[in-house]
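One structure is given here, and the rest of the page talks about it.
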Amino acid sequence: MAQKPAIPKGTRDFLPSEVARRTYIFDTIKSVFKTYGFAPIETPSFELSTTLMGKYGEEGDRLIFRILNSGDKMKKADVEALNEGNLPRFANSLAEKALRYDLTVPFARFVVQHQNELSFPFKRYQIQPVWRADRPQHGRYQEFYQCDADVVGSDSLLYEVDFVQIFDQVLTRLQIPGFTMKINNRKILSGIAEVSGEADKLIDITVAIDKLDKIGEDGVVEELRQKGVSETAIATISPLFTITGSNEERLAQMKTFLSASEIGLKGIEELEFVLEQTKALGLERAEVEFDVTLARGLNYYTGAIFEVKVHDVKMGSICGGGRYDDLTGLFGLSGLSGVGISFGADRIYDVLNELDLYPSDADASLTLLFANFGQSEAAYCMRLSKLLRQKGVDCEVYPSDAKMQKQFKYADNRKVKFVALIGENELKEGKLQVKNMETGEQIAYTEAELLAFFTA
RNA sequence: GAGGUUGUAGCUCAGCUGGUUAGAGCGCCGGAUUGUGGUUCCGGAGGUCGCGGGUUCGAACCCCGUCUUCCUCCCCA
């Protein structure tokens, strides 16, 4: 071994026990999605650059992994653009393909492309990896799995209500003890910008107030100034920083604040509906909080905005989502409203590891190991294994007649539930020894009894 | 993309102002126990000190570059 092999930064390997835990997470999410009527689709891991570029804001483009053209296509490089200093155009000429950055934009592309094969409202879920050329940090990877559920072709707020239930169901089933679902509405943010007289600075304003809990009131004011927001506008916005009380009380205060803004009041109305319906349905573990400062960077959201954070753990949001009225419009099909959510599987995996929340059978391994006592005994065990496997029992025969100590140690490491000891004597007497590795108890069975025991 | 930080055995980490042959615990392998694991006891193997260059009589330690880790921004799952 000349040099130790390595994997790229921000990626990870998963051992069998780790994959078992991740499978448990994926299966939990899938089963809930399914009960709400979502069906799975898949899209390619990479898309045409033009499909992705420009869909995630200025910062987003920087974080998209580009795939270098190969072979003769390299000759298509736009050297002129390079000389002119137009790096984006030069990059586009070098890389016609890019790894997907999220699952929502490819889904919008998918819907437009297959519009005549789908019936609307179209509900799909999608669990696949995405890639971001971000600087890795705790809970931040360059390759990670998103678990998305979206519905397009309906502007019904009942779907927002469903998604709130889905967040609650999934995270409750995963045994996460406490988590808060923050909810806001982009129309309320538009209303704020409108009321302050800076409607054209909507993005700057929302990005700034989104940082309230991080940089504080003074920090937000400072950032607003830097972005060129007027002092009168800042003075108008400032009272929002100190809004408190229950969701109902906050909504009431916002209603007053936005009384002059039609779009703002529309946002309040939508949010009220979702919160009322949610209250009527009830929640298991989720706490719902209306947070005016919740903005979510994605600039395609137009209505509800969601974010979920786990209590008492140092981790960014584990889920996000929202409504986007015209995402498919970017690909030439307008008039379709969509709403969706995303579970960050890798962050959930990290949280569950940190809080040690896996059920004991999440990493269950082999059910039965046949100890190997030699050629003829092993041959008998192989026949018995085949019978058991046909009944769906997972089992295997130890590959060589090594010392019992070694065979048992192997069984122990593999977390095997039972070890069968079938040597010369057992075969002669027709008494097959089966040891329970947890209790240490050992029982002799006839072949028929053994088959019955494991297939019962 | 900006600034900082980390890297020593499979894992977690010691290693003094630069000074012989780089250590420990756990794990691994073997034995005590030739048909019984998870406990105990005894023994053993295992390291180009992330990589490349430089300074020095001498570098795990100092300098430069690079990769990686974690952190703060940016942004986000």
Side-chain angles (χ1 to χ4, degrees), chain A residues 1-12 15 25 29 56-64 87 100-104 127-148 167 203 206-208 210-211 214-215 219 223 294-299 306-310 314-322 340-351 369-374 377 398 401-427 433-442:
Chain A
M1 195 165 63
Q3 201 171 342
K4 272 188 183 175
I7 55 175
K9 68 178 171 186
T11 65
R12 6 182 216 181
L15 296 169
I25 294 170
I29 294 171
Y56 308 102
E58 290 170 37
E59 287 301 318
D61 281 3
R62 200 193 77 213
L63 300 176
I64 292 173
L87 291 180
R100 68 169 162 244
Y101 175 90
D102 72 355
L103 300 177
T104 308
I127 298 181
Q128 292 192 278
V130 302
W131 294 268
R132 293 184 189 178
D134 209 353
R135 183 165 295 203
Q137 264 179 61
H138 178 64
R140 182 176 294 210
Y141 303 95
Q142 293 207 329
E143 177 184 65
F144 60 97
Y145 273 77
Q146 288 194 325
C147 312
D148 279 30
F167 279 136
I203 300 284
T206 53
V207 167
D210 185 44
K211 295 177 189 164
K214 208 167 185 178
I215 59 178
E223 177 151 340
L294 175 64
R296 303 268 75 204
L298 288 178
N299 46 12
F306 305 112
E307 177 175 286
V308 180
K309 295 199 76 169
V310 178
K314 195 169 175 282
M315 179 66 76
S317 57
I318 58 166
C319 306
I341 58 171
S342 179
F343 288 82
D346 285 80
R347 284 190 175 174
I348 292 174
Y349 171 72
D350 288 349
V351 167
L369 175 75
F370 288 93
N372 188 324
F373 287 91
E377 292 92 336
Y398 194 84
D401 60 345
K403 298 175 61 171
M404 271 313 107
Q405 187 178 198
K406 194 176 165 76
Q407 298 197 36
F408 266 93
K409 198 151 195 173
Y410 172 79
D412 203 37
N413 289 337
R414 283 283 305 271
K415 294 195 169 77
V416 176
K417 294 191 185 74
F418 297 93
V419 173
L421 297 137
I422 303 171
E424 203 181 337
N425 293 335
E426 283 78 9
L427 282 182
Q433 299 287 336
V434 175
K435 177 165 178 169
N436 180 322
M437 292 297 282
E438 274 168 43
T439 63
E441 184 185 26
Q442 193 164 313

Let me have RNA chain B in dot-bracket notation, would you? Count Watson-Crick plus G-U wobble pairs, both distances under 3.5 Å, and use [ ] for pairs crossing earlier ones and | for inter-strand partners. ((((..(..((((.....[...)))).(((((.......))))).....(((((..]....))))))..))))....
When the P atoms of B/rC67 and B/rG3 are compared, how many Å lie between them, rounded to an integer? 14 Å
Just wondering, do A/R132 and A/Y101 contact through their side chains at under 4.5 Å, heavy atoms? yes
Rounded off to whole Å, could you give me the CD-to-C1' distance for the A/E441 and B/rG38 pair? 17 Å
Rounded to the nearest angstrom, tell me the gap between atom CZ in A/F408 and atom C1' in B/rU34. 15 Å
Expressed in whole Å, how much space separates the C1' atoms belonging to B/rC41 and B/rG52? 47 Å
For nucleotides 8-13 of chain B, tabulate all protein N/O to nucleotide N/O atom pairs closer than 3.5 Å, reporting atom names and distance.
none

Interatomic distance, A/L63 CG vs B/rC76 P [rounded to whole Å]: 9 Å
NA contact type, A/K9, heavy-atom cut-off 4.0 Å: base, sugar-phosphate, or nothing? sugar-phosphate
Over all strands shown, is A/M404 touching base, sugar-phosphate only, or nothing at heavy-atom distances under 4.0 angstrom? sugar-phosphate
Between the side-chain atoms of A/D412 and the base atoms of B/rG37, is any donor-acceptor pair under 3.5 Å? yes
Looking only at non-hydrogen atoms, find the nearest pair between A/E223 and A/V207 and report the distance. OE2-CG1, 4.1 Å
Is there side-chain contact between A/M315 and A/D350, with heavy atoms separated by less than 4.5 Å? yes
Any donor-acceptor pair under 3.5 Å from A/D346 side chain to A/Y145 backbone: yes
Whether over 12 other heavy atoms sit under 6.0 Å from A/Q442 CD: yes
Of all heavy-atom pairs between A/E307 and A/S317, which one has the smallest distance, and what is that distance? CG-CB, 3.4 Å
So which heavy atom on A/M437 is nearest to which on A/A411, and how close? CE-CB, 4.1 Å
Checking only heavy atoms, does the side chain of A/E426 share a donor-acceptor pair with the base of B/rG35 at less than 3.5 Å? yes
For a quick check of understanding: with a heavy-atom distance under 4.0 Å over all strands, which category does A/S317 fall into, base, sugar-phosphate or nothing? sugar-phosphate
Looking only at heavy atoms, what is the nearest atom pair of A/D134 and A/R140, with distance? OD2-NH1, 3.2 Å
Would you please say whether a donor-acceptor pair under 3.5 Å links the side chains of A/E426 and A/Q433? no
Given the side-chain rings of A/F167 and A/F343, with only the six-membered ring counted for Trp, is the space between their centroids under 6.0 Å? yes
Under-4.0 Å side-chain N/O to phosphate OP1/OP2 contact, A/K214 with B/rC73: yes
Tell me the closest heavy-atom pair linking A/F418 and A/V434, and the distance in Å. CD2-CG1, 3.9 Å
By the 4.0 Å heavy-atom rule, please label A/Q442 as base, sugar-phosphate, or nothing. base
Whole-Å distance, A/E59 CD to B/rA2 P, equals 12 Å
For the pair made of OH in A/Y101 and C1' in B/rA77, what is the distance, rounded to whole Å? 10 Å
Heavy atoms only, 4.0 Å cut-off, all strands: where does A/L421 land among base, sugar-phosphate and nothing? base
Look at all strands and tell whether A/C319 reaches a base, only sugar-phosphate, or nothing, counting heavy atoms closer than 4.0 Å. sugar-phosphate
Looking across every strand, which nucleic acid part, if any, lies under 4.0 Å from A/Q137 by heavy atom: base, sugar-phosphate, or nothing? base
Which part of the nucleic acid, if any, lies within reach of A/G219 when heavy atoms closer than 4.0 Å are counted: base, sugar-phosphate only, or nothing? nothing
Reckon A/G60 touches a base, only the sugar-phosphate, or nothing at all at heavy-atom distances under 4.0 Å? nothing
Atom-pair distance (CD on A/Q433; C1' on B/rG37), nearest Å: 16 Å
Is there a side-chain polar atom (N or O) of A/K415 under 4.0 Å from OP1 or OP2 of B/rG38? no
Using the C1' atom on both, measure B/rG46 against B/rG27 and round to a whole Å. 12 Å
Is a donor on one side and an acceptor on the other found under 3.5 Å between the side chain of A/Q407 and the backbone of A/A402? yes
Span that lies between the C1' atom of B/rA9 and that of B/rU48, in whole angstrom: 13 Å
Please list, by residue number, the residues of residues 138-146 of chain A whose heavy atoms come closer than 4.0 Å to an atom of RNA chain B; answer none if no residue qualifies. A/H138, A/G139, A/R140, A/Y141, A/F144, A/Q146
Name the nucleic acid region contacted by A/F343, choosing base, sugar-phosphate or nothing; use a 4.0 angstrom heavy-atom cut-off, strictly under. nothing
Contact class for A/E438 (heavy atom, under 4.0 Å): base, sugar-phosphate, or nothing? base
Can you give me the closest heavy-atom contact between A/Y398 and A/N372, atom names plus distance? O-ND2, 2.8 Å
Just how far, in rounded Å, is C1' of B/rC76 from CD of A/E307? 9 Å
Would you indicate, yes or no, if B/rC75 has its OP1 or OP2 atom less than 4.0 angstrom from a side-chain nitrogen or oxygen of A/K211? yes
Checking A/R100 side chain against A/P129 main chain: does a donor-acceptor pair fall under 3.5 Å? yes
Taken to the nearest whole Å, CG/A/L103 to C1'/B/rC76 is 14 Å
Taking atom types as they are modelled, is there a donor-acceptor pair under 3.5 Å from the base of B/rG38 to the side chain of A/K409? no
